[in-house]
S.K.: 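First the structure, then my questions, so here it is.
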Amino acid sequence: MPLDLKSTINLPKTAFPMKANLPQNEPKILARWEDMRLYDRIRELKAGAPAYVLHDGPPYANGPIHLGHALNKCLKDFVVKSKNMAGFDAPYIPGWDCHGLPIEIKVDHQLGGKKLQMKPLDVRLECRKYAQKYLDLQRVQFKRIGVLGRFDKPYSTMTPEYESVVLATFYKFFEDGFVYKGLRPVYWCMHDRTALAEAEVEYETHTSPTVFVRYRMQSDPRTIEIPRPSGAWTGHPPETNPLADVRITKNKPVYTIIWTTTPWTLPASMAVAFHPSEEYVALEAQDAIYIVAEKLAKSVAEKCGFPDATAIAHFPGKAMEHTWFYHPFLPWERRKILGVVADYLTMDTGTGVVHTAPSHGAEDFATGVRYQLDPTCDVDAAGIIHNGLPEYDGLKVLKANEPIIELLKTRGALLHSEKVEHQYPHCWRCHNPVIFRATEQWFISMETKSPPKQSLHGAPTAEMSFRTRALEEIKQVKWDPAWGEERISNMVETRPDWCISRQRVWGVPIAVFACNGCGKPLNDPAVNRRVVEVFAKSGADSWYTGATDALAVGAQCAGCGGTVFAKENDILDVWFESGCSYLVETASEQNYPWPSDLYLEGGDQYRGWFMSSLLCSLGAHGSAPYKGVVTPGWTLDEQGRAMSKSRGTDVDPVDIANRLGGEIVRLWVASVDFREDVVGSENLMQRTAETYRDIRNKLFRYVLSNLYDFDPARHAVPFEKLQAVDQYILQQACALSADVIRWYEEFAFHKIYQRVNHFVIVELSAFYVDVIKDRLYTFAPDSPGRRAAQTALWRIGEALVRLLAPIMSFTCDEVWQNLPKIETRGASVHMAKFPTAEDILGSASVPKEDPQQKSDWTTLLSIRDQVLKPLEEARAQNQIGKSLEARVKLTASDPLYGVLERHKDDLRYVFIVSQVTLEKGSGNGTGSLQVEVSRADGEKCERCWNYSTHVGEDPKYPTVCERCAPVLRQLEAGNDPETSNN
RNA sequence: GGAGCGGUUGGGCAUUUGGUUAAGCCCAGCGGACUUAUAAUCCGCUGUUCCCCUGACCGGGACUUGAGGGUUCAACUCCCUCCCGCUCCGCCA
């Protein structure tokens with residue numbers, strides 16, 4: 001009777017496809033999550049659990065997502081999902097930053113000239129549409145790569161609720177006395193008569209005149225103190241003052257020489273700046289002495305026409321601080337020029353000395369603040385100079401250059417002039433050169449002491465400035481990587497007062513009324529509260545409708561007692577808005593903790609969101625809004641350079657999701673060490689897809705395909721009754737699980753990736769699975785040996801599907817649906833918890849690790865390697881083909897022998913050979929091992945392909961071995977495999 | 001200017017809290033087994049130079065973690081100097 005032996009083998013069987021078809025299947029899984037309201041159901045499930053809040057930093061809603069977004073969101077998703085599975089209630093509310101200049105510019109472009117005729121309200125409406133369009137697009141894209149969160153109710157900075165909290169936060173600063181209005185230089189377009197932000201400035205080549213101008217020293221050189229702290233300026237006895245000596249003996253006037261490309265700023269010149277620590281020289285020319293930087297002395301002397309001048313004194317720039325100079329053309333009574341030091345001076349061009357016009361440069365302005373220089377701006381919105389000498393008064397700044405150069409000549413102050421081509425800021429819209437111009441802006445002071453009613457960690461703060469308090473708060477936060485603390489501390493230490501006003505339309509207005517009488521801003525808490533209420537109802541647009549006009553009625557100006565007010569037009573810096581995000585979130589989510597547990601954003605946010613969130617929260621709430629801050633690196637291309645769309649080296653995560661799968665993007669994110677800059681490329685995505693296939697097929701598909709007849713409730717074998725190798729692999733899985741769970745806590749996702757990959761490839765696929773195939777396929781379906789192997793596979797599958805769910809969210813949910821049904825299981829893997837040791841081992845009484853067993857298997861695996869090698873040689877000599885054709889003879893001495901003896905029944909399976917004999921060798925204690933390979937004894941069993949000397953002993957089945965014959969008898973007896981107890 | 005990262009075998013990614021022989025995985029390459037995970041799976045080889053051995057292979061030994069120093073009984077790991085590559089933030093009179 002020809003028996004179809006193959007049909008009696010328990011071959012793997014599964015509907016879980018090898019090919020994932022992720023681009024097609026992921027959208028279906030997403031639809032299922034949506035239908036079942038997965039996010040909400042997790043929230044319901046977690047109600048009452050300890051909270052863990054990762055607060056989302058809002059991306060800017062002005063384009064499709066790029067790989068940096070994907071990295072950011074996937075990392076957050078890993079954190080949130082793993083926290084949920086670790087037992088926390090970890091919500092995730094995504095947010096969007098919707099106001100601000102980039103959108104307004106884009107909309108301006110779209111509107112073209114039309115904008116000029118439009119009311120602000122209508123422009124705002126257009127901007128809103130634009131932002132909403134990209135919010136919607138990004139939302140779809142984030143979901144596409146598997147990010148799970150409250151996407152149906154995200155936060156957005158352009159909702160009435162959000163806008164009202166922003167305004168309330170501003171008022172809090174305002175009422176607490178941190179806000180002031182003051183002058184500050186900004187980019188200014190004379191043609192469009194408007195302030196420009198940095199993003200609105202384009203650099204174009206421009207030809208400027210450059211002038212070398214001498215400023216005569218007014219101070220008596222003998223009063224100048226020359227410090228010699230470190231001996232760097234030795235060569236002069238400490239008691240003498242070289243400059244004074246020179247002056248006295250030579251009786252020549254002393255000048256310094258400045259260099260500038262903007263002669264028109266000279267009327268606003270208030271100071272000359274020297275670098276404090278660079279070396280300066282006094283050059284003696286024919287009729288004067290000139291002070292310039294030593295490093296530039298030679299080129300200056302040549303250009304200015306005294307090439308033979310000799311250096312008669314050396315001193316650091318610091319020596320010139322607090323000296324006085326005459327202005328080159330303004331009389332002494334009208335303008336006194338102060339000698340100052342500034343460390344931003346460079347020694348590569350010019351003279352090493354610059355003139356300082358506080359109203360026409362950011363650095364100049366900062367220097368001006370330090371030395372209390374006059375910041376008055378005599379240039380009006382159209383760029384016309386006022387209050388000047390007749391030679392240039394009433395001229396536009398660029399037109400004033402030539403007359404001023406002439407004036408310098410007449411006064412004998414001009415030493416040299418030429419034309420130079422350089423990159424100069426231009427207006428993005430009209431392409432005319434822009435200038436720096438000091439205008440009135442709103443500021444939050446970094447130096448204002450906090451009112452006594454506020455406290456910081458319970459300690460009185462009356463004496464601490466806002467800056468100091470911020471620095472103190474920074475210390476309370478766990479910065480990861482740790483250098484972040486130093487970085488943000490440096491920034492807070494050195495940052496100027498926060499300029500929070502913008503002369504723009506698309507944002508939250510600085511909703512303040514100004515007195516018509518004296519111009520003083522009205523700061524009336526009652527009025528402020530009324531405005532917030534209107535904003536909360538109708539949004540910030542209400543500042544531009546009539547809805548808020550009457551709110552100051554009845555108020556009185558604190559300055560002049562006036563009762564008529566006008567509305568301010570400036571809007572708030574968008575960083576102020578996004579900095580309020582956690583204030584907004586905690587205002588609406590009552591059960592949210594303060595501070596949040598984690599902020600996670602790129603390193604560019606130290607200056608941005610990390611800083612503004614810190615300052616806003618400090619002002620409104622008295623402390624930082626985060627306990628921890630994690631910073632991923634930047635995304636680089638394969639050459640290790642910043643990804644660039646123009647260079648074509650950018651990787652589009654949505655494109656990857658559509659071609660390879662969102663899961664591949666996620667797995668890539670998990671594969672990189674995100675704390676450093678990360679490399680992404682098509683190549684790496686392809687490789688990640690390979691890893692994905694390994695995990696999908698070698699792990700999940702293999703597990704599922706061997707559980708088709710396994711019902712855990714009936715068939716699971718207790719740990720004690722598993723075979724040694726099953727116990728071993730489960731204990732390995734247990735160790736893996738502990739590592740993985742710990743690494744989730746540390747956000748060390750790349751370690752999880754590596755470790756899981758290793759487990760799947762090396763421990764499972766290349767070893768365990770190979771070893772148990774004989775049992776799985778050839779043993780009777782319900783035999784204890786087969787059920788034991790199935791139990792191990794099942795427990796591994798149950799463990800890994802949970803452990804990987806935060807990362808491989810799609811696939812794990814797919815696997816979840818295919819695992820044997822058990823009653824306690826939720827509808828999605830994302831509702832489950834991480835496995836415990838008990839879950840994996842199936843027993844609470846089994847130790848997580850068995851040192852004896854572990855060391856035995858370490859030994860056995862190393863012996864396995866030593867056996868595989870001679871098997872390969874035998875194969876090369878055509879002695880055997882498959883390893884089952886072999887018989888292995890081991891001669892070992894202790895301690896190896898002891899290990900082998902303990903596991904002698906397992907050896908043939910571990911080596912996958914038909915027979916193993918073991919002999920004790922000489923050399924006790926040396927652990928020597930000899931391996932001999934020969935052809936297996938007996939004949940090949942047609943069923944299980946092992947070789948046996950007992951093939952054919954059962955006359956009914958002449959071609960099978962002693963293991964297979966009873967199985968066949970049983971099967972043929974029609975025993976239901978499910979109830980058989982072979 | 002401020003902050004920071006990286007340099008491991010043909011390519012990519014790991015590991016190394018200073019200590020047994022540093023190298024595991026993937027890819028590419030070469031060779032093989034199996035056709036019972038089958039549009040799969042598994043196994044072996046694959047750093048350099050030099051030395052010993054040999055007819056040749058095989059085998060054995062030494063060397064090797066950007067360069068050079070230092071600390072140490074011991075350095076891939078810690079420190080210093082440097083080279084190369086890169087990033088973010090700021091500045092450019």
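Labels below follow one simple rule: chain letters A, B, ... track the order of the sequence lines, proteins then strands, and each chain is numbered from 1.
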S.K.: Please tell me whether A:Glu873 and A:Gln877 have a donor and an acceptor in their side chains that are separated by less than 3.5 angstrom.
M.R.: no

S.K.: Over all strands shown, is A:Gly881 touching base, sugar-phosphate only, or nothing at heavy-atom distances under 4.0 angstrom?
M.R.: sugar-phosphate

S.K.: Any base atoms under 4.0 Å from A:Ile258, or only sugar-phosphate, or nothing? Heavy atoms, all strands.
M.R.: nothing

S.K.: Give the rounded distance in Å between these two atoms: CD of A:Glu638 and P of B:rC27.
M.R.: 17 Å

S.K.: Among B:rA93, B:rU87, B:rU15, find the nucleotide with the atom closest to the side chain of A:Thr262.
M.R.: B:rA93

S.K.: Does A:Thr14 get its side chain close enough to the base of B:rA37, under 3.5 Å, for a donor-acceptor pair?
M.R.: no

S.K.: Which nucleotide sits closest to the side chain of A:Leu636: B:rU35, B:rA93, B:rU87?
M.R.: B:rU87

S.K.: Please enumerate all residues that pass ring pair (Phe, Tyr, Trp, His ring centres under 6.0 Å) together with A:His758, with sequence neighbours excluded.
M.R.: none

S.K.: Please list, in numerical order, the residues of residues 679-697 of chain A that have a heavy atom closer than 4.0 Å to any atom of RNA chain B.
M.R.: A:Leu684, A:Arg687, A:Asn697

S.K.: Picking from B:rA37, B:rU36, B:rG2, which would you name as closest to the side chain of A:Asn490?
M.R.: B:rG2

S.K.: Is the Lys NZ or Arg CZ of A:Arg487 less than 6.0 Å from the centre of A:Phe610's six-membered ring, within 45° of the axis?
M.R.: no

S.K.: For the side chain of A:Ile9, starting at C-beta, report the closest nucleotide among B:rU36, B:rA14, B:rC92.
M.R.: B:rU36

S.K.: Could you run down the sub-3.5 Å N/O contacts of the protein with nucleotides 43-46 of chain B?
M.R.:
residue, atom, partner, partner atom, Å
B:rC43, O2', A:Glu872, OE1, 3.0

S.K.: For A:Thr261, which contact category applies under a 4.0 Å heavy-atom criterion: base, sugar-phosphate, or nothing?
M.R.: sugar-phosphate

S.K.: With heavy atoms under 4.0 Å as the rule, sort A:Gly603 into base, sugar-phosphate or nothing.
M.R.: sugar-phosphate

S.K.: Which part of the nucleic acid, if any, lies within reach of A:Val769 when heavy atoms closer than 4.0 Å are counted: base, sugar-phosphate only, or nothing?
M.R.: base

S.K.: Using a heavy-atom cut-off of under 4.0 Å over every strand shown, decide if A:Glu486 touches base, sugar-phosphate, or nothing.
M.R.: sugar-phosphate

S.K.: Using the P atom in both, what is the distance from B:rA75 to B:rG12, to the nearest Å?
M.R.: 29 Å

S.K.: Categorize A:Arg675 for me: base, sugar-phosphate, or nothing, with a 4.0 angstrom heavy-atom threshold over every strand shown.
M.R.: nothing

S.K.: Just checking A:Trp264 against A:His360, ring centres under 6.0 Å apart?
M.R.: yes

S.K.: A:Met18 has a side chain; which of B:rG24, B:rA40, B:rU36 sits nearest to it?
M.R.: B:rA40

S.K.: Just checking A:Lys773: base, sugar-phosphate only, or nothing, at a heavy-atom cut-off of under 4.0 Å?
M.R.: base

S.K.: Under 4.0 Å between any heavy atoms, over every strand shown, what does A:Arg487 touch: base, sugar-phosphate, or nothing? Just pick one.
M.R.: base

S.K.: Side chain of A:His750 only, please: which of B:rC89, B:rU15, B:rA37 is the nearest?
M.R.: B:rU15

S.K.: Does A:Thr494 reach a base, just sugar-phosphate, or nothing at all? Heavy atoms under 4.0 Å.
M.R.: nothing

S.K.: Base, sugar-phosphate or nothing for A:Asn706? Non-hydrogen atoms, less than 4.0 Å.
M.R.: nothing

S.K.: Considering only side-chain heavy atoms of A:Lys751, which listed nucleotide, B:rU35, B:rU15, B:rU87, is closest?
M.R.: B:rU15

S.K.: Quick check: A:Phe16 with A:Phe700 (ring centres under 6.0 Å apart)?
M.R.: no

S.K.: Of the listed nucleotides (B:rC89, B:rA3, B:rC25), which one gets closest to any side-chain atom of A:Met491?
M.R.: B:rC89

